[in-house]
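These notes are about the structure you will find just below.
Nothing here was measured: the structure is a model prediction, and the numbers come from that model.
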Amino acid sequence: YVGIATTSPWAQFSVTNTGTNPGLVVANSTNSNTQFIVDALGNVGIGTSTPGTILTVASTTPNLRIANTTQSSSYAVGYEAGRLSFYTDDLSGIGAHETGGIYSINETGITTPGGALAFYTSAGGAADTEKLRITESGNVGIGTTSPYAKLSVGGQVVGANFTATTSAVNTFPYASTTALTVSGAASTTALTISGIATGNLLKTTTAGAVTAAVVGVDYAAGNVAFPF
């Protein structure tokens with residue numbers, strides 16, 4: 001074993017920092033730029049001589065890569081290509097466990113693997129589970145692992161307002177005995193249907209569409225006498 005600043009090295013090469021100077025520095029011999037450093041606090045810097053956190057990466061193009069070298073039949077649909085995990089040590093007796101993570105999931109198979117991003121969270125020490133997914137095609141799913149639209153939500157959605165920005169058909173699927181419920185105070189507008197003038201009556205077509213009723217065709221105008 002080789003030891004620097006220690007008489008009892010515990011590895012093949014041991015460096016003990018006994019002062020405030022960095023324990024290990026790797027620099028470029030041409031311009032003296034620091035390529036790798038372990039400072040006196042144990043912080044690691046790559047591309048910087050002053051790491052401010054446990055790991056600091058500095059560059060004009062700071063990129064990190066997590067590479068999966070698996071090249072076999074195990075790299076099938078659903079295979080985890082890599083993950084960024086968040087761990088904690090608690091004092092409750094549970095011990096170290098993952099509280100959340102971002103997973104890269106293969107969605108297309110062995111020959112042309114594609115990557116989805118799955119976001120995991122946990123509560124109360126329970127195992128983390130997937131809560132949100134961005135598929136390889138860009139669909140976002142909340143509460144579902146297979147979103148079929150740009151945004152698919154498996155559960156209730158609450159919002160201040162919802163605005164459709166295109167003329168595409170908006171579908172509300174039938175659920176229980178009520179397909180669509182519109183609520184609101186009498187003094188406010190609960191539901192507005194564009195393209196129908198104020199004061200028009202409404203009718204439904206055989207296809208279930210809501211449209212303006214036609215006076216004289218769908219209903220009579222003015223006073224109508226009924227013989228008895």
Side-chain angles (χ1 to χ4, degrees), residues 10-12 14 23-24 36-39 41-48 51-59 61-162 170-179 181:
W10 53 273
Q12 294 292 333
S14 299
L24 178 64
F36 180 88
I37 188 174
V38 180
D39 68 11
L41 298 176
N43 293 335
V44 176
I46 299 176
T48 177
T53 58
I54 294 297
L55 174 62
T56 301
V57 179
S59 169
T61 55
N63 298 318
L64 295 177
R65 174 178 293 179
I66 300 175
N68 188 309
T69 58
T70 301
Q71 297 180 8
S72 66
S73 59
S74 62
Y75 200 75
V77 174
Y79 183 82
E80 179 189 315
R83 75 169 73 173
L84 176 63
S85 297
F86 301 92
Y87 268 75
T88 183
D89 285 323
D90 60 36
L91 302 178
S92 66
I94 298 176
H97 63 280
E98 187 174 87
T99 59
I102 303 174
Y103 293 56
S104 175
I105 308 295
N106 178 26
E107 285 194 327
T108 51
I110 301 171
T111 56
T112 56
L117 286 180
F119 295 77
Y120 282 62
T121 63
S122 69
D128 57 350
T129 55
E130 182 176 336
K131 302 301 191 306
L132 183 147
R133 175 176 293 215
I134 304 175
T135 68
E136 63 177 12
S137 61
N139 290 346
V140 176
I142 301 175
T144 175
T145 59
S146 54
Y148 62 90
K150 288 300 181 183
L151 176 62
S152 299
V153 180
Q156 184 180 15
V157 178
V158 178
N161 57 74
F162 299 91
N170 294 281
T171 302
F172 295 87
Y174 178 83
S176 184
T177 57
T178 304
T181 299

Interatomic spacing from [atom1] in [X] to [atom2] in [Y] - rounded to 0.5 Å:
X      : Y      : atom1 : atom2 : value
Arg83  : Ser104 : CZ    : OG    : 11.5 Å
Leu84  : Leu64  : CG    : CG    : 9.5 Å
Ile54  : Leu41  : CD1   : CG    : 8.5 Å
Tyr120 : Ile102 : OH    : CD1   : 12.5 Å
Ile46  : Ile37  : CD1   : CD1   : 12.0 Å
Asp89  : His97  : CG    : NE2   : 9.0 Å

Let me check something: any side-chain donor-acceptor pairs from residues 140-149 under 3.5 Å, sequence neighbours excluded? List them with distances.
from, atom 1, to, atom 2, distance (Å)
Thr144, OG1, Ser146, N, 3.2

How would you list, by chain and number, every residue that makes a side-chain hydrogen bond (donor to acceptor under 3.5 Å, both in side chains) with Ser59, sequence neighbours excluded?
-> none
Is the backbone of Phe86 close enough, under 3.5 Å, to the side chain of Thr99 for a donor and an acceptor to pair up by distance?
-> yes
Where the side chain of Asn106 meets the backbone of Gly78, is there a donor-acceptor pair that is under 3.5 Å apart?
-> no
Kindly give the heavy-atom pair with the smallest separation between Thr48 and Ala58, and that separation in Å.
-> CB-CB, 3.8 Å
Closest non-hydrogen atom pair between Val38 and Phe36, with its separation =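 Looking at all heavy atoms of both residues, the closest pair is CG2-CE2, 3.8 Å.
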Please collect all side-chain hydrogen bond (donor to acceptor under 3.5 Å, both in side chains) contacts where either partner lies in residues 124-138, sequence neighbours excluded, each pair once.
-> Glu107-Arg133, Thr121-Lys131, Thr129-Lys131, Glu130-Arg133, Thr135-Ser137
